[in-house]
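These notes are about the structure you will find just below.
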Amino acid sequence: ESDRVIKARKSVLEFILVNHPVDCPICDQAGECKLQDYYMAYDAQESRLRTEKTNKVKVYPLGPEVVYDGERCILCTRCVRFCEEITETNELQTVQRGDNTEIRTFPGEELDNNYSMCTVDICPVGALTARDFRFKCRVWLMNSTDSICTGCSRGCNIHLDHFQNEIQRYRPRYNPDVNDYWMCDPGRYTYKEVHDDRLYHPLVEGTEGKWYHAEKALEEAADELEGDSVGFVVSPQATCEGLYLAKQFAEEGLETDRLYMGGKPDGMEDDLLIEADKNPNRRGAEYVWGGLDTFDGFEALVEDIESGEVNMLYMMNKHVPTEDGALRQRFFDALEQLDFFALQSMHRGDLEHLDGELADHADIALPACTHAEQDGTFVNFEGLAQAVDKSFEPHGDSLPDWQIFTKIGDAVGLSTSYRGLTDIREEMFGETDEEPESIEEREGESRSPIDESTQPPEPEAAE
């Protein structure tokens with residue numbers, strides 16, 4: 001911080017800003033721009049340039065997700081290096097010379113890899129912006145919560161940026177043991193699922209009501225419950241705490257051992273971050289139930305309903321783990337055969353290419369919180385337990401899964417005495433006497449994944 005060093009910084013910044021438009025008030029990067037920060041700290045002077053600035057390309061699409069502004073670019077080539085060293089897809093290059101140098105894709109190519117928006121994260125100025133977030137919300141209006149991406153079983157650490165109880169974007173958060181500095185483009189877009197097709201209030205026979213009405217309907221149905229004919233669909237989208245109470249609800253309340261695994265079907269994967277399993281907590285379900293052998297598949301559920309072996313169904317979340325359109329249609333049709341169908345879900349259940357929603361076919365539909373609206377724990381595919389913190393209050397009458405099971409437990413004879421999440425975690429992690437630490441406590445610290453074994457151990461806390 002000597003005078004000589006500060007003078008050198010000021011001189012370098014003056015050169016960098018010679019042809020820069022200095023349009024911070026209308027720049028989408030304003031508020032999180034390193035050049036803006038350095039200018040205010042070291043330069044803060046009017047330009048001495050008395051000639052016309054070099055004009056470059058504006059709003060130039062490098063690919064389907066990223067837009068380039070040549071006049072704001074300082075030619076640091078971070079984006080070029082990212083495509084060379086991280087994705088190894090080599091789409092970007094510098095073209096021309098001197099004042100006319102710009103970032104471009106190679107002829108016939110576009111910036112269209114699965115991590116293209118990481119170039120926006122590492123761009124220190126407003127040269128690269130994401131089409132999805134561009135001019136969407138000023139960054140100083142948003143709040144940010146450290147959280148976990150639920151797009152697949154890797155559980156990338158993220159900054160969840162939100163404004164007025166609505167998620168605006170996901171950004172990767174550094175964690176050397178999970179996702180390093182990066183996250184994939186498909187994972188970034190999963191924030192839209194949080195607000196789409198939401199179930200906000202309890203439904204009884206398709207009519208909005210209060211929690212009291214749903215509890216009453218379930219209590220009346222419980223009089224006819226017979227364990228052998230009751231099916232329970234477990235969701236690997238739920239938190240460990242929600243799954244722990246789900247296990248008690250199924251075994252002690254519904255008294256059934258007919259368990260089926262729900263969740264999203266497998267999708268694409270790669271060698272960098274993306275996992276084929278699109279469910280963030282399958283390993284959590286494995287730990288809670290002591291293995292996955294307890295669960296039957298989705299096709300078995302459809303067959304059991306069609307054969308009449310299951311005539312009452314309790315289902316967590318709307319997701320069905322198959323892309324087979326015929327099987328999905330069979331399931332949708334089989335719901336009409338049930339004597340009672342309860343849906344506990346974040347969403348109404350708009351199944352693609354099918355007429356209607358799951359919530360419309362349910363005798364009762366109970367609104368559950370998303371991961372952004374609750375505290376909880378997810379276990380990624382490597383067995384690493386990671387806590388998520390609530391970003392904003394639940395929408396509508398929605399509740400965390402564990403609270404729903406405690407709330408409606410009396411209707412099926414399940415009595416719990418948990419005073420909060422801490423009690424559940426103490427019991428759930430009791431054998432190891434460890435819990436996932438808060439995100440703030442483990443920020444930047446190295447953590448080891450849980451060792452694999454035939455009988456899955458309890459999830460370890462972050463070291």
Side-chain angles (χ1 to χ4, degrees), residues 78 81-82 85-88 113-115 117-119 121-122 144-161 169-188 190-191 236-241 243 266-288 371-372 375-391 425 428-429 431-463:
R78 284 183 175 184
R81 289 177 54 204
F82 175 81
E85 300 172 13
I86 306 301
T87 64
E88 299 181 353
N113 62 63
N114 289 323
Y115 302 86
M117 282 194 279
C118 287
T119 61
D121 298 327
I122 61 178
S144 185
T145 306
D146 291 346
S147 189
I148 305 295
C149 175
T150 57
C152 75
S153 58
R154 180 168 292 276
C156 289
N157 288 216
I158 63 170
H159 298 289
L160 190 155
D161 296 336
R169 65 176 177 180
Y170 288 161
R171 292 180 294 124
R173 179 168 52 89
Y174 176 63
N175 186 327
D177 294 330
V178 181
N179 57 302
D180 208 16
Y181 294 95
W182 322 117
M183 73 178 299
C184 67
D185 291 357
R188 292 175 191 264
T190 57
Y191 81 87
Q237 295 280 323
T239 64
C240 289
E241 292 81 1
L243 292 172
D266 286 352
M268 62 163 289
E269 63 179 338
D270 62 19
D271 296 328
L272 188 52
L273 293 179
I274 303 175
E275 297 296 322
D277 185 2
K278 302 307 175 186
N279 300 284
N281 207 25
R282 189 179 300 276
R283 286 296 294 271
E286 182 180 356
Y287 290 128
V288 169
H371 69 285
D375 298 323
T377 309
F378 291 96
V379 182
N380 78 347
F381 77 105
E382 294 180 310
L384 180 66
Q386 302 187 99
V388 296
D389 295 333
K390 182 168 71 173
S391 300
R425 284 178 170 173
M428 185 168 60
F429 292 97
E431 294 183 11
T432 60
D433 293 324
E434 296 184 48
E435 297 180 26
E437 296 177 1
S438 70
I439 290 174
E440 289 77 10
E441 290 174 320
R442 68 176 195 263
E443 182 75 23
E445 296 183 1
S446 177
R447 301 184 298 287
S448 301
I450 297 169
D451 294 332
E452 301 276 351
S453 66
T454 306
Q455 293 296 324
E458 293 293 333
E460 292 184 1
E463 293 179 358

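- Contact detail for Glu269 and Glu275: the closest heavy-atom pair is CB-C, 3.9 Å.
- Side-chain contact between Thr377 and Arg425 is present, with at least one heavy-atom pair separated by less than 4.5 Å.
- Under the salt bridge (charged side-chain N to carboxylate O under 4.0 Å, His left out) criterion, Glu88 pairs with no residue at all, not counting sequence neighbours.
- Residues passing the side-chain hydrogen bond (donor to acceptor under 3.5 Å, both in side chains) test with Asn179: none are found, sequence neighbours excluded.
- In this structure, Gly284 and Cys240 approach most closely via the heavy-atom pair CA-SG, 3.9 Å.
- Not counting sequence neighbours, the partners of Asp270 by the side-chain contact (heavy atoms from CB on, under 4.5 Å) test are Asn114, Tyr115, Leu272, Ile274.
- Contact of the His371 side chain with the Phe378 side chain is registered, since non-hydrogen atoms from C-beta on lie closer than 4.5 Å.
- You'll find the side chain of Cys156 stays beyond 4.5 Å of the side chain of Arg188, heavy atoms only.
- Thr87 pairs by the side-chain hydrogen bond (donor to acceptor under 3.5 Å, both in side chains) definition with Thr89, not counting sequence neighbours.
- Closest approach of Ala372 to Leu160, counting heavy atoms only: CB-CD1, 4.0 Å.
- For the atom pair CG of Leu273 and SG of Cys184, the computed distance is 7.0 Å after rounding to the nearest 0.5 Å.
- Asp146 places a side-chain heavy atom less than 4.5 Å from the side chain of His159.
- Taking each heavy atom of Arg154 and Gln386 in turn, the nearest pair found is O-NE2, 4.3 Å.
- Judged as a ring-ring contact (aromatic ring centres under 6.0 Å, His included), and not counting sequence neighbours, Tyr170 has no contacts.
- Judged as a salt bridge (charged side-chain N to carboxylate O under 4.0 Å, His left out), and not counting sequence neighbours, the contacts of Arg81 are Glu85.
- In this structure Asp375 satisfies the side-chain contact (heavy atoms from CB on, under 4.5 Å) test together with Asp389, Lys390, Leu421, sequence neighbours excluded.
- Closest approach of Ala387 and Ile148 over heavy atoms only: O-CG1, 4.0 Å.
- Taking Arg282 as the reference, Asp277 meet the side-chain hydrogen bond (donor to acceptor under 3.5 Å, both in side chains) condition, with sequence neighbours excluded.
- Here the side chains of Trp182 and Ile122 are in contact, with some heavy-atom distance below 4.5 Å.
- Residues passing the salt bridge (charged side-chain N to carboxylate O under 4.0 Å, His left out) test with Arg171 are Asp161, sequence neighbours excluded.
- Of all the heavy atoms in Met183 and Cys118, the pair that sits closest is O-SG, 3.2 Å.
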Gln237 and Thr150: side chain to side chain donor-acceptor pair (under 3.5 Å), yes or no, with the steps? CA-CA 8 Å; Gln237 295 280 323; Thr150 57; 5.1 Å; no
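- Using a 4.5 Å cut-off on side-chain heavy atoms (C-beta onward), Ser153 and Asn380 make no contact.
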